[in-house]
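Each ligand, and each atom within it, is numbered from 1 in the order the structure gives. No experiment lies behind these values; they were computed from the predicted model shown.
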Amino acid sequence: LRFFPSLLALISLTVAMDNGLLKTPPMGWMAWERFRCDIDCKDDPENCIREDLFRDMADRLVEDGWKELGYEYVIIDDCWMSMLRDEHGRLQPDPFRFPGGIAKLARYIHDRGLKLGIYADMGTHTCMGFPGTTLDTINIDAQTFASWGVDYLKFDGCSSNPIEQMLGYPLMSKALNATGRPMAYSCSWPVYVGGLPPKVNYSLLGDICHLWRNYVDIQDSWDSVQGIVEWFSNNQDDLQPAAGPGRWNDPDMLIIGNFGLSVDQARAQMALWAIMAAPLIMSNDLRNLDNSARFILQNKVAVAINQDSMGIQGRRLLQEKNHIEVYWRPLSHSASALVFLSRRTDMPSLYHTSLAKLKYDTGNYEAYDVFTGSTVTGLNATTQFTLSINPSGVVMWYVYPEQTSKETETLHYQHNKASQFTFHKAEPGHLTVL
Ligand code: GLA
């Protein structure tokens, strides 16, 4: 019995998926929410699922400033496959819609410094009825993806039962590892077993997957965003501790830039996804994005908060009777983020509070308002302040201890070298983002 713990450690070592990827939540673009299973390239050539769509999005990511902020994955979702495997039993893309093949598309994407994600399904069929990956094809599919140069696998779970899922998700993790190609592994397993313990074992998921979908698919509406945030917050005691570097809860794609959200609601999704340490994977049309959506998605401070190196997922702190809610996330360098969300539908509401009421320690603080760019100085924990929060909107603050010296303060955000930036102390008590 004494060597039992070490035996357990050995077992967990053999299934671990720690290939060093996704120390911060993944960022990029995915086809599904915006382009679904549109395979009508005859009547809808601009929007159908084919290689041109992914090349277009890769071009936009590089040319429109996304890549330098960290948005790097271009992820193919369902409906890329041919209905038949090839003569060696390998999955193959639809020959009319992906005439160059996936390996060539991967090269196009890699040549631009981006990464390619692909979709498969643990089960007999994908959710849209394309060929699935059954237990006996897990190895060959992992090898096929590696041979194409894939960097990320979204592994869905339609058309399988809980036993097949329990076997298949860890097996795919092993199979991906065995290819020797570092690939991020996104597991939809929790969705198919209710999303919560005891049916979901989040510590096992953290060992075998880099991220996982917990809950229902996002749709293009504020209702959908609210429902997701509500479910994650109601279950935060189970979900929040599961997250950390290399292991993320995934509340699904960012729908900012589509048809369903107002500007305030789009800010709210960005703010809440940053607090939740959620993947920042957009599903929108980067070729047709208005400036307000672009500014929100490219907000450097919101991105930096999302990408904080401690990787601690935030929590809902308070639900006021008047439908104002407060969310909080601890960040590195003794900083933190606060989101004040109004779920009201009447008019901008005034909210009176203090940092002490939000459980901050005594001390002096400053706050940078993420969406207005203004700075609040001279706060101590007991200072009473009042915010105005728009209906279905947010106020988002980056809060940090007041600087006693006049030196430059750096928010160490190192997604990659090119996207580093600093908060520079322009004059005492004022911050500007460079
Ligand atoms: C499921 C997933 C979605 C998408 C579709 C594709 O519904 O949750 O994200 O991948 O399948 O069919």
- [ ] Using a strict 4.0 Å cut-off to heavy atoms of Tyr119, name the atoms of ligand 1 that fall inside it.
- [x] 6 (C), 10 (O), 11 (O), 12 (O)
Task: Carboxylate-amine/guanidinium proximity below 4.0 Å for Glu72 and Lys67 - done: no
Task: Name of the residue among Arg329, Gln313, Arg316 meeting side-chain contact (heavy atoms from CB on, under 4.5 Å) with Gln240 - done: Gln313
Task: Test: Asp59 and Arg287 ion pair at under 4.0 Å - done: no
Task: Atoms of ligand 1, numbered as shown, that sit under 4.0 Å from any heavy atom of Lys154 - done: 3 (C), 4 (C), 9 (O), 10 (O)
Task: Salt bridge present between Arg34 and Asp220 (N-O < 4.0 angstrom) - done: no
Open item on the list: Does any N or O of ligand 1 fall below 3.5 Å from an N or O anywhere on Asp252, backbone included?
Closed with: no
Task: atom 5 (C) of ligand 1: the protein heavy-atom neighbour that sits closest, reported with distance to 0.1 Å - done: Trp32 CE2, 3.6 Å
Open item on the list: For Trp231 and Tyr215, take the angle between the two ring planes, folded into 0 to 90°, and tell me which bin it lands in: parallel under 30, tilted 30 to 60, perpendicular over 60.
Closed with: parallel
TODO: Can you sort out which atoms of ligand 1 are near Cys127, meaning under 4.0 Å from one of its heavy atoms?
DONE: 1 (C), 11 (O), 12 (O)
- [ ] State the atoms of ligand 1, each with its element, that fall below the 4.0 Å cut-off from a heavy-atom position in Met128.
- [x] 12 (O)
Open item on the list: Does the residue Arg36 have a heavy-atom contact with ligand 1, meaning some pair of atoms that are separated by less than 4.0 Å?
Closed with: no
TODO: Using the six-membered ring wherever Trp is involved, compare the ring planes of Tyr365 and Tyr360 and label them parallel, tilted or perpendicular (cut-offs 30° and 60°).
DONE: perpendicular
Open item on the list: Tell me the protein heavy atom at minimum distance from atom 3 (C) of ligand 1, and give that distance in Å.
Closed with: Asp217 OD2, 3.5 Å
Task: Qualifying residues under ring pair (Phe, Tyr, Trp, His ring centres under 6.0 Å), relative to Tyr119, sequence neighbours excluded - done: none
Open item on the list: Quick test: of every protein heavy atom, which one is nearest to atom 10 (O) of ligand 1, and how far off is it to 0.1 Å?
Closed with: Asp77 OD1, 2.6 Å
Open item on the list: Using a 4.0 Å cut-off to any heavy atom of Arg213, which atoms of ligand 1 qualify?
Closed with: 8 (O), 9 (O)
TODO: Have a look at Asp78, Val191, Asp156 and point out the one with the heavy atom closest to atom 11 (O) of ligand 1.
DONE: Asp156
Task: Test ring pair (Phe, Tyr, Trp, His ring centres under 6.0 Å) applied to Phe98 - qualifying residues, sequence neighbours left out - done: none
